[in-house]
Participant: 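Let me begin by handing over the structure; questions about it come next.
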Amino acid sequence: MPELPEVETVRRGLAPAMEGKRILRVETRRKDLRFPFPENFNQRIEGAKLTLMGRRAKYLVAELSNGEALIMHLGMTGRFTVHGKTSGRFHHDAGGDEKHDHVVFEMQGGARVVFNDARRFGFMDLWPADSLETYAPFAGMGPEPISNEFSGAYLHAAFKGKKTPVKSALLDQNVVAGLGNIYVCEALFRSGISPKKLAGAIRRDKLEFLAVEVRKVIEEAILAGGSTISDYKSTGGELGYFQHAFRIYDREGEPCLACERPVKRIVQSGRSTFYCAACQK
DNA sequence: CCGCGATCCTGGGGGC
DNA sequence: TGCCCCCAGGATCGCG
């Protein structure tokens, strides 16, 4: 489920159950996800209070009272569910019984927060909270697309001289952080730019459009609670509904919403790209 | 520096 | 029903 809007939706779902609460106990049911859990993972977080549930790009960053930051990535299929008597929406069962439930956090206040990840591309890590900028994936990472730093001028500078297709450039987390395959396709369609166009060859005025559409599609998707693909559910079991607002993603062969010509699908750097050859130049 | 393919995993869907 | 192949929201690494 996880591009920026989905991760932000998860963050908002976890915050009421975890923020300001002590982590009473952590159950890790295997020694690794994508990577091994860090050394003494359980001991290092049990008993600590989770002071802030934050997010950077597609990473959840939970700051703990002991100075550690618990960094969590959902990979492709990672999902969190909140169980028990907590404020807000939650599952009324005990939780932790599903296939691929790998980690269970027992929180002060009674919530059980369960991490499930079928493909195990997700991971958890610990890093000093006061030097997150030195955490390898964050070093060199581009701005958030909904930040003031992100603009047409920024893209103009970031794309300067780049001979890579704009689709690949936007997927590069060091250019802009948090976009993935779906929202890149959507933003390129909305701004009328071909995914094959070389990043460095796009006119400045088009980059202004692109920056605006990237921001808009991400903001709209956050408001919709993210996109639900397959049977993804957010922390309380509710579905995001932005998938109904897809204008180009996963619409191969269907009529373009602007010109009615069939939507094309190509593969770029191993990922599907959906676009309209007539509307995107 | 760049694009590309392979890779880490499991599951769902379509074709036969 | 079963089997096989392809596909999937991510990200890294090695190769040419």
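Values in this document were obtained by computation on a predicted structure and should not be read as measured data. Naming convention: chains lettered A, B, ... in sequence-line order (proteins, then strands); numbering from 1 in each chain.
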Participant: Pick the P atom in C:dC5 and in B:dA6, then give their distance to the nearest Å.
Facilitator: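 These two P atoms come out 16 Å apart once rounded.
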Participant: Indicate, with a heavy-atom threshold strictly under 4.0 Å, whether A:Gly180 touches base, sugar-phosphate, or nothing.
Facilitator: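 Contact class for A:Gly180: sugar-phosphate only.
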Participant: Tell which nucleotide pairs with B:dC16, taking only Watson-Crick or G-U wobble pairs whose two distances are both under 3.5 angstrom.
Facilitator: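 Matched B:dC16 with C:dG2 under the 3.5 Å cut-off.
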Participant: Pick the P atom in B:dC9 and in C:dC13, then give their distance to the nearest Å.
Facilitator: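 That atom pair is separated by 16 Å.
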Participant: Without decimals, in angstroms, what is the distance between A:His100 NE2 and B:dG11 C1'?
Facilitator: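 The answer, rounded to whole Å, is 8 Å.
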Participant: Just checking A:Phe274 against A:Phe246, ring centres under 6.0 Å apart?
Facilitator: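 Distance test on ring centres: not under 6.0 Å, no.
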Participant: Taking the side chain of A:Ser272 as its heavy atoms from C-beta onward, which of B:dC9, C:dA8, C:dG9 lies nearest to it?
Facilitator: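 Of all the options, the side chain of A:Ser272 is nearest to C:dA8.
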Participant: Closer to the 5' end of DNA chain B via nearest nucleotide, is it A:Ala118 or A:Ser269?
Facilitator: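 This one resolves to A:Ser269.
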Participant: Looking at the side chain of A:Lys162, which of C:dA11, B:dC2, C:dG9 is the nearest nucleotide?
Facilitator: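 Of the candidates, B:dC2 comes closest.
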Participant: With the stacking rule set at 5.5 Å and 30°, tell me whether A:Phe121 counts as stacking on C:dG10.
Facilitator: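 Stack criterion met.
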Participant: Just the rounded figure in Å: distance from P of C:dA8 to CD1 of A:Ile229.
Facilitator: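 Taking atom P of C:dA8 as the reference, CD1 of A:Ile229 is at 10 Å.
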Participant: Check the side chains of A:Asp93 and A:His83 for a donor-acceptor pair under 3.5 angstrom, ignoring hydrogens and angles.
Facilitator: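 Yes, A:Asp93 and A:His83 have a side-chain donor paired with an acceptor closer than 3.5 Å.
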Participant: So, A:Arg119 and A:Thr77: side-chain donor and acceptor under 3.5 Å apart, yes or no?
Facilitator: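 Side chains of A:Arg119 and A:Thr77: no pair found under 3.5 Å.
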Participant: Heavy atoms under 4.0 Å, any strand shown: does A:Lys167 hit a base, just sugar-phosphate, or nothing?
Facilitator: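 Counting heavy atoms under 4.0 Å across all strands, no contact is made by A:Lys167.
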Participant: Looking at C:dG9, B:dG11, B:dC8, which one has an atom nearest to any side-chain atom of A:Glu3?
Facilitator: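 Looking only at side-chain atoms, A:Glu3 lies closest to C:dG9.
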Participant: Calculate the interatomic distance between A:Gln268 atom CD and B:dG3 atom C1'; express it in whole Å.
Facilitator: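 After rounding, the gap between these two atoms is 11 Å.
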Participant: Distance check: side-chain N/O of A:Tyr249 vs OP1/OP2 of C:dG9, anything under 4.0 Å?
Facilitator: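 So the side chain of A:Tyr249 is within the cut-off, an N or O lying under 4.0 Å from OP1 or OP2 of C:dG9.
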Participant: Could you check how far CG of A:Leu74 sits from C1' of C:dA8, rounded to whole Å?
Facilitator: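 To the nearest whole Å, that distance equals 15 Å.
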Participant: Grab the CD1-P distance between A:Ile71 and C:dA11 for me, whole Å please.
Facilitator: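 For the pair A:Ile71 CD1 and C:dA11 P, the rounded distance is 14 Å.
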Participant: Heavy atoms from C-beta onward define the side chain here; which of C:dT12, B:dT10, C:dG9 lies closest to that of A:Pro2?
Facilitator: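 Closest of the options to the side chain of A:Pro2: C:dG9.
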Participant: If you pin A:Phe35 and A:Phe274 to their nearest nucleotides in DNA chain C, which one's is more 5'?
Facilitator: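 It is A:Phe274, whose closest nucleotide lies nearer the 5' terminus.
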Participant: Nearest whole Å is fine: how far is C:dC7 P from A:Arg119 CZ?
Facilitator: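 Taking atom P of C:dC7 as the reference, CZ of A:Arg119 is at 13 Å.
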Participant: Does a side chain donor of either A:Lys167 or A:Tyr275 reach within less than 3.5 Å of an acceptor in the other side chain?
Facilitator: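 Note: A:Lys167 and A:Tyr275 side chains miss the donor-acceptor criterion.
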Participant: Can you tell me how far C1' of B:dG11 sits from CG of A:Asp117, to the nearest Å?
Facilitator: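 It is 12 Å, rounded to the nearest whole Å.
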Participant: Would you say the side chain of A:Arg55 lies within less than 4.5 Å of the side chain of A:Leu4, judging by non-hydrogen atoms?
Facilitator: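 A:Leu4 reaches A:Arg55 side chain to side chain.
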Participant: With a cut-off of less than 4.0 Å, is there a side-chain N or O of A:Arg271 near OP1 or OP2 of C:dA8?
Facilitator: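 No, because none of the side-chain N or O atoms of A:Arg271 sits under 4.0 Å from OP1 or OP2 of C:dA8.
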Participant: Could you tell me the separation between the CG atom of A:Leu171 and the P atom of B:dC2, rounded to a whole number of Å?
Facilitator: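 Taking atom P of B:dC2 as the reference, CG of A:Leu171 is at 15 Å.
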Participant: Look at the side-chain N and O atoms of A:Lys99 and state whether any lies under 4.0 Å from the OP1 or OP2 oxygen of B:dG11.
Facilitator: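 Checking B:dG11 against A:Lys99, a side-chain N or O does come within under 4.0 Å of OP1 or OP2.
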Participant: Examine B:dC2: is either OP1 or OP2 under 4.0 Å from a nitrogen or oxygen in the side chain of A:Lys163? Give yes or no.
Facilitator: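 The answer is no; no side-chain N or O of A:Lys163 sits under 4.0 Å from OP1 or OP2.
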Participant: Looking only at N and O atoms, is any donor in the side chain of A:Arg120 or the base of B:dC9 less than 3.5 Å from an acceptor on the other one?
Facilitator: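 A donor-acceptor contact between them is absent.
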Participant: Considering only C:dG9, C:dA11, B:dC2, which nucleotide approaches the side chain of A:Tyr59 most closely?
Facilitator: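 Looking only at side-chain atoms, A:Tyr59 lies closest to C:dA11.
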Participant: Between B:dG13 and C:dG9, how far is it from one P atom to the other, in whole Å?
Facilitator: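 Looking at atom P only, B:dG13 and C:dG9 are 16 Å apart.
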Participant: Hunt down the Watson-Crick or G-U wobble partner of B:dG5, both distances under 3.5 Å, from any strand shown, or write none.
Facilitator: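 Per the H-bond distance test, C:dC13.
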Participant: Checking A:Gln268 side chain against A:Pro165 main chain: does a donor-acceptor pair fall under 3.5 Å?
Facilitator: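 Such a contact is absent between A:Gln268 side chain and A:Pro165 backbone.
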Participant: Applying a 4.0 Å non-hydrogen cut-off, can you work out what A:Pro165 is touching in the nucleic acid: base, sugar-phosphate, or nothing?
Facilitator: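 The answer is sugar-phosphate, as A:Pro165 gets under 4.0 Å only of primed atoms, P, OP1 or OP2.
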Participant: Taking the C1' atom of each, how far is B:dC8 from C:dC3, in whole Å?
Facilitator: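 It comes out at 24 Å once rounded to the nearest Å.
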Participant: Give me the one residue out of A:Val175, A:Leu155, A:Ile193, A:Leu171 that meets side chain to side chain contact (heavy atoms under 4.5 Å, CB included) with A:Val166.
Facilitator: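 Going through A:Val175, A:Leu155, A:Ile193, A:Leu171 one by one, the side chain to side chain contact (heavy atoms under 4.5 Å, CB included) with A:Val166 is satisfied by A:Ile193 alone.
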Participant: So, is A:His73 close to the C:dG10 phosphate, meaning a side-chain N or O under 4.0 Å from OP1 or OP2?
Facilitator: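 So the side-chain polar atoms of A:His73 never come under 4.0 Å of the phosphate oxygens OP1 or OP2 of C:dG10.
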